[in-house]
Structures are given as structure tokens and as C-alpha cells.
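Worksheet for the structure shown next.
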Amino acid sequence: LGILASRQNCPAEEDWVQALRIAWYLRKTSTLGMKIIRPERTDGKILVCGTADASYKNGIGKSRIGITVSLGMNSAPILVISKKQPTNSGSSTESEMKGYNYACCTIEWIRNILEYVYLEELDASIIEVDNKPAMLAIRSACITSNLRHMKPRHWYCRLLYQQRKVIFAWVTTNELLADALTKPVGPKDFKRYRTRLLGGEDMMDRRRKLILPNDQILWTEDE
């Protein structure tokens with residue numbers, strides 16, 4: 001749907017076919033809905049979590065960013081965004097960094113609302129990602145030479161990490177919810193991601209293995 005929205009100025013016949021496919025999908029899934037529950041609390045605090053991913057296509061131009069934000073590790077997202085990156089990227093690490101930066105800006109905005117409007121006490125937010133080189137660039141003391149050309153506004157995620165407002169946790173790609181927002185996936189994976197996005201009771205991947213920057217392992221759900 002996001003791709004078709006960007007093709008409105010000059011639609012082609014294949015875009016019309018895709019629009020019909022979306023209409024068919026909506027008709028076949030009209031009974032589905034989103035399950036909204038109370039925010040999960042840990043020790044009385046709301047945990048603002050997110051997932052972030054970005055695709056990279058060398059030589060094609062702008063890739064896509066996908067992020068989700070939820071109030072709890074296994075809650076249905078309250079915000080889902082899939083959009084084109086604002087600038088071109090020269091590598092997959094740079095592309096992922098810009099996606100993480102966009103996720104951090106969005107999560108910080110939600111954190112400010114909870115903290116200053118609803119007077120909630122918040123712990124550090126956890127963002128699930130699947131690119132280890134990008135995580136290393138965020139937590140390292142020095143910026144690597146191949147990323148020095150990036151503008152300062154793309155390093156906001158690094159600042160939030162240093163302030164411990166956001167912590168990045170590595171998770172396998174097939175368990176990263178934002179992965180479905182940046183590229184086409186197969187029918188089986190699509191249904192699995194859809195169940196998580198809608199908050200279904202039979203949601204898979206509830207128990208995920210997260211690796212924190214200090215190599216500590218965090219499980220999203222106990223056995």
C-alpha cells in the first residue's frame with residue numbers, strides 16, 4: 001500500500017493489478033481485527049519497545065525504513081511505519097543506521113508524551129534490530145571512517161544510547177517484526193508477522209532471544 005501511494009502521479013498497469021490484489025486481500029480478511037490491551041508494566045513502569053529495520057539496494061537509490069513501537073515486548077504495536085528513506089545510503093550499515101535513527105526519534109517523542117503529559121516513570125526503551133555492524137557503530141567510542149560522511153542528524157540514535165534512554169538488542173532476522181515492513185516476505189512469514197502486528201492470542205515468536213550490547217542475553221518471555 002505504501003509503494004502504491006508513492007506511484008499516484010504516474011501509475012502503470014502493474015500498479016492497477018496490485019491495487020486489485022489489495023482489494024481482494026481486504027475482502028478475504030474483513031473479519032480480522034486488532035486486539036488492544038492495557039500496556040504491559042514491569043515493576044509498575046511502562047516499557048516502550050520498538051523494532052527497526054531498513055532495506056538496502058545498491059545502485060537503485062533510496063531504500064525503505066520499517067519501524068514498530070509497542071508498550072511492552074509482546075504487545076501489539078501502537079505505531080507501525082513503513083516509508084522511503086529520506087536520503088540515499090552507500091552501504092547496508094548506513095541504511096540501517098538511518099532506520100534506527102528514525103525509530104529513536106519516534107520512540108523519544110512517545111516517551112516525552114508519557115513522561116511529561118501522563119507523568120509516567122520510564123526505564124530505557126529497547127529496540128530490536130538485526131544488524132550487528134550498525135549496533136557496533138552506535139555503541140563504539142569512535143565513529144568508523146566509512147560512516148564519517150553521515151550528517152550529525154543521523155547520529156541522534158547514538159546520543160540516546162549514550163544517555164541510556166534507548167538500548168539496542170540484536171535479534172535474528174526471522175524474528176524481527178520490522179523486517180516485514182521493508183521487503184516482500186513469503187505467505188508463511190507474512191501470516192506470522194500479521195498475527196504479531198494484530199496482537200493475536202496465538203502469536204508466534206513471543207519468546208525471543210535478545211542480545212544486549214554487553215553480550216548479555218535477555219529473553220522476552222520465560223519458559
Side-chain angles (χ1 to χ4, degrees), residues 37 39-55 65-80 92-93 95-104 106-108 110-111 114 120-144 147 155-183 185 188-189 192-193 195-197 199-223:
I37 61 176
E40 295 181 5
R41 289 182 179 270
T42 304
D43 297 330
K45 300 178 182 179
I46 296 178
L47 181 61
V48 181
C49 298
T51 67
D53 191 38
S55 61
I65 294 174
I67 70 169
T68 67
V69 182
S70 60
L71 304 181
M73 285 188 177
N74 286 318
S75 301
I78 61 173
L79 183 64
V80 178
S92 59
T93 301
S95 178
E96 295 277 2
M97 286 284 297
K98 293 177 180 178
Y100 301 169
N101 185 75
Y102 188 84
C104 282
T106 305
I107 288 178
E108 178 67 0
I110 294 176
R111 286 175 57 91
L114 292 174
E120 292 281 352
E121 187 178 354
L122 304 176
D123 284 330
S125 298
I126 297 178
I127 300 181
E128 299 178 27
V129 298
D130 66 348
N131 189 287
K132 290 185 178 180
M135 283 185 60
L136 182 62
I138 292 173
R139 73 184 188 189
S140 298
C142 300
I143 299 174
T144 57
L147 293 176
W155 292 99
Y156 186 62
C157 53
R158 184 180 170 95
L159 174 64
L160 292 185
Y161 174 74
Q162 292 173 348
Q163 296 175 347
R164 292 301 184 267
K165 291 184 177 181
V166 169
I167 297 177
F168 293 88
W170 182 87
V171 68
T172 58
T173 301
N174 63 336
E175 293 180 341
L176 182 64
L177 185 58
D179 185 64
L181 305 175
T182 60
K183 61 183 74 67
V185 295
K188 182 179 179 180
D189 288 334
R192 179 167 58 88
Y193 287 129
T195 303
R196 287 180 60 185
L197 288 169
E201 295 181 357
D202 57 342
M203 184 176 69
M204 300 178 65
D205 302 331
R206 289 185 63 91
R207 191 170 191 269
R208 302 184 300 282
K209 180 181 178 181
L210 307 182
I211 301 179
L212 302 179
N214 60 355
D215 294 329
Q216 179 183 353
I217 296 177
L218 174 67
W219 293 95
T220 59
E221 192 174 80
D222 296 331
E223 288 183 323

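Heavy atoms only: backbone and side chains are in, while hydrogens, waters and symmetry mates are out.
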Task: All salt bridge (Lys or Arg N to Asp or Glu O under 4.0 Å) counterparts of Lys209, not counting sequence neighbours - done: none
Task: With sequence neighbours excluded, residues passing side-chain hydrogen bond (donor to acceptor under 3.5 Å, both in side chains) with Ser92 - done: none
Open item on the list: Test your reading of the model: is there a side-chain donor-acceptor pair from Ser140 to the backbone of Cys142, 3.5 Å cut-off?
Closed with: no
Task: Residues which pass side-chain contact (heavy atoms from CB on, under 4.5 Å) with Lys132, listed by chain and number, not counting sequence neighbours - done: Trp170
TODO: Return the set of residues passing salt bridge (Lys or Arg N to Asp or Glu O under 4.0 Å) with Asp130 (not counting sequence neighbours), or none when no residue passes.
DONE: none
- [ ] Please list all pairs passing the side chain to side chain donor-acceptor pair (under 3.5 Å) test where one or both residues lie in residues 156-167, with sequence neighbours left out.
- [x] Glu108-Lys165
Task: For Leu79, side-chain contact (heavy atoms from CB on, under 4.5 Å) partners two or more places apart - done: Val69, Ile81, Thr106, Ile110
Task: salt bridge (Lys or Arg N to Asp or Glu O under 4.0 Å) involving Arg207 - partner list, sequence neighbours excluded - done: Glu223
Task: Asn101: side-chain hydrogen bond (donor to acceptor under 3.5 Å, both in side chains) partners, not counting sequence neighbours - done: none
Open item on the list: Using the side-chain hydrogen bond (donor to acceptor under 3.5 Å, both in side chains) criterion, which residues pair with Arg139? Sequence neighbours excluded.
Closed with: none
Task: Any residue meeting side-chain contact (heavy atoms from CB on, under 4.5 Å) with Asn214, in chain and number order, not counting sequence neighbours - done: Leu212, Gln216
Task: Over 12 foreign heavy atoms within 6.0 Å of CD, Glu221 - done: yes
TODO: Only counting residues at least two apart or in another chain, list the ones meeting side-chain contact (heavy atoms from CB on, under 4.5 Å) with Leu177.
DONE: Thr51, Thr68, Pro77, Tyr193, Arg196, Leu197
Task: Donor-acceptor pair, side chain of Thr220 and main chain of Arg208, under 3.5 angstrom - done: yes
Task: Qualifying residues under salt bridge (Lys or Arg N to Asp or Glu O under 4.0 Å), relative to Glu96, sequence neighbours excluded - done: none
Open item on the list: Donor-acceptor pair, distance only, cut-off 3.5 Å: does the side chain of Ser95 make one with the backbone of Ser55?
Closed with: yes
Open item on the list: Within this structure, what is the CD1-OG distance for the pair Ile46 and Ser70, rounded to the nearest 0.5 Å?
Closed with: 11.5 Å
